[in-house]
Number of protein chains: 2
Amino acid sequence: MDHLEKRAKRWSLEEVREYLLQHDIRISAYRLKIFEYLINERTHPTAEEIYEVIKRDLPAISPATVYNTLRLFLEKKIVQLVSVEKNEGRYDATLSWHGHLKCLACGKVFDLHIETLKLDGLEGFEIFEKHLNLKGLCPECLKTKNFKREGKHG
Amino acid sequence: MDHLEKRAKRWSLEEVREYLLQHDIRISAYRLKIFEYLINERTHPTAEEIYEVIKRDLPAISPATVYNTLRLFLEKKIVQLVSVEKNEGRYDATLSWHGHLKCLACGKVFDLHIETLKLDGLEGFEIFEKHLNLKGLCPECLKTKNFKREGKHG
DNA sequence: ATACTATATTATAATCGTTATTAAATTATA
DNA sequence: TATAATTTAATAACGATTATAATATAGTAT
Ligand SMILES: [Mn+2]
Ligand SMILES: [Mn+2]
Ligand SMILES: [Zn+2]
Ligand SMILES: [Zn+2]
């Protein structure tokens with residue numbers, strides 16, 4: 001929940017470098033940039049969005065590098081894949097247990113603090129990953145685009 | 001949770017026909033078969049799996065029909081899309097609120113009864129969909145394929 | 001039943017996000 | 001250096017799904 005604060009402390013490039021090395025990831029300019037973006041912005045970007053952002057500073061980057069890097073980060077378990085929509089992968093450097101809500105109007109993905117979750121019938125199972133994904137409308141969009149409130153879930 | 005019982009009552013073709021008509025869906029042999037399969041088997045099949053199963057009885061069916069039909073069922077809200085893995089869509093005619101666990105060894109998708117879920121910070125949001133997806137190993141696979149138990153989550 | 005209309009189905013091409021391939025560039029090591 | 005290992009970029013390939021367009025089927029009116 002520390003990481004879910006709106007104002008988490010920014011990581012310096014040096015801290016990112018240390019973190020990557022600690023996780024057995026060799027350093028490159030792209031890797032530093034990509035992880036620094038994920039950890040400091042925390043907007044759950046898609047690979048495409050990351051590509052566009054990094055390209056501003058390092059125009060020679062290719063989409064393949066973004067995909068390669070994200071796959072590496074997933075393997076090394078320093079990012080998690082968030083897929084609220086089946087067709088779009090989003091990446092999150094926040095690893096603590098939390099849920100996600102995607103606003104169907106603006107596309108933003110919000111972090112959710114999960115107070116309690118109790119499940120039945122998991123005796124004998126081994127759990128590796130848990131994902132809680134909601135779809136809805138954010139307060140901003142509900143106001144400005146005045147959608148009607150009519151969903152069922154609380 | 002009625003629907004999560006291992007032995008839910010089977011729907012007759014006549015009941016399926018009624019249900020489709022009630023939901024503004026015109027009847028066809030394929031639609032009856034596909035929904036009957038989803039509601040009576042409840043194995044969360046992929047489109048591909050549905051195609052293979054229906055083909056046994058109706059060999060002329062095309063994959064496009066399965067996709068068309070599933071898309072229609074989603075629009076009419078008589079099935080829900082389950083996507084534990086980002087790249088594979090699975091379909092579920094059980095609409096009551098429950099979670100899913102995919103066994104990474106055998107691929108089976110299990111229903112989970114959710115006892116309680118409390119979320120923070122949803123004031124002002126409008127929620128349309130909630131999905132809880134776990135990945136892990138089922139008791140069967142833990143036994144027969146003797147994986148080591150080492151996951152962190154409870 | 002016939003004609004007419006609307007819908008369902010099929011085959012196929014197209015799309016989209018991602019992965020695989022491979023050669024060139026970069027970095028690490030001897 | 002030389003040499004080996006890794007990273008990157010361009011491109012092709014892939015798998016799931018959607019779009020297109022032609023044909024088949026079903027519904028309705030005469
Ligand atoms: Mn997050
Ligand atoms: Mn289910
Ligand atoms: Zn919004
Ligand atoms: Zn299993």
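Residue numbers start from 1 in every chain, and the chains themselves are labelled A, B, ... in the order their sequence lines are given, proteins ahead of strands. The shown structure was predicted, so the numbers you read here are calculated from the model rather than taken from an experiment.
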* **B/Arg90 CZ - D/dG15 P separation (whole Å)** => 17 Å
* Over all heavy atoms of both residues, which pair between B/Val109 and B/His44 is shortest? Give the atoms and the distance, please. => O-ND1, 3.2 Å
* Asked: Charged N to carboxylate O under 4.0 angstrom, B/Lys9 versus B/Glu15?
  -> yes
* Are the side chains of B/Ile34 and B/Tyr91 in touch, meaning some heavy atoms are under 4.5 Å apart? -> no
* **B/Ile54 CD1 to C/dT10 P, straight-line distance once rounded to whole Å** => 12 Å
* Is the number of heavy atoms from other residues, nucleotides or ligands within 6.0 Å of NZ (B/Lys118) greater than 12? -> no
* To do: Round to the nearest Å and state the distance from B/Lys76 atom NZ to C/dT7 atom P.
  => 11 Å
* N or O in side chain of B/Tyr67 less than 4.0 angstrom from D/dT18 OP1/OP2 -> no
* Locate the shortest heavy-atom distance separating B/Tyr51 from B/Ile61; write the atom from each residue and the value. => CE1-O, 3.3 Å
* Within residues 44-53 of chain A, find the residues that approach DNA chain C with a heavy atom at under 4.0 Å, and present them sorted by residue number. => none
* Rounded to the nearest Å, what distance is computed from the CD atom of residue B/Glu88 to the C1' atom of nucleotide C/dG17? -> 16 Å
* Distance check: side-chain N/O of B/Arg71 vs OP1/OP2 of D/dT18, anything under 4.0 Å? -> yes
* To do: Check which hydrophobic residues are tied to B/Val82 through side-chain heavy-atom contacts below 4.5 Å, counting indirect links as well, and list them.
  => B/Val84
* Length of the CG-C1' vector between A/Leu74 and C/dT19, whole Å -> 13 Å
* Asked: Pick one: which of A/Val16, A/Asn68, A/Thr69 meets side chain to side chain contact (heavy atoms under 4.5 Å, CB included) with A/Arg31?
  -> A/Thr69
* **Shortest non-hydrogen contact from B/Glu123 toward A/Pro139** => O-CG, 4.0 Å
* Does B/Lys86 put a side-chain nitrogen or oxygen below 4.0 Å from OP1 or OP2 of C/dT18? -> yes
* Interatomic distance where CG belongs to B/Asn87 and P belongs to C/dA20 [whole Å] -> 12 Å
Is there any protein nitrogen or oxygen under 3.5 Å from a nitrogen or oxygen in nucleotides 6-14 of chain D, and what are the pairs?
from	atom 1	to	atom 2	distance (Å)
D/dT7	OP1	A/Arg31	NH1	2.7
D/dT7	OP1	A/Arg31	NH2	3.4
D/dT7	O5'	A/Arg31	NH2	3.4
D/dT8	OP1	A/Ser28	OG	2.4
D/dA9	OP1	A/Tyr30	OH	2.6
D/dA9	OP1	A/Ala60	O	2.7
D/dA9	OP2	A/Ser62	N	3.0
D/dA9	OP2	A/Thr65	OG1	2.2

* Return yes if some donor-acceptor pair links the side-chain N/O of B/Ser83 with the main-chain N/O of B/Lys86 below 3.5 Å, else return no. => no
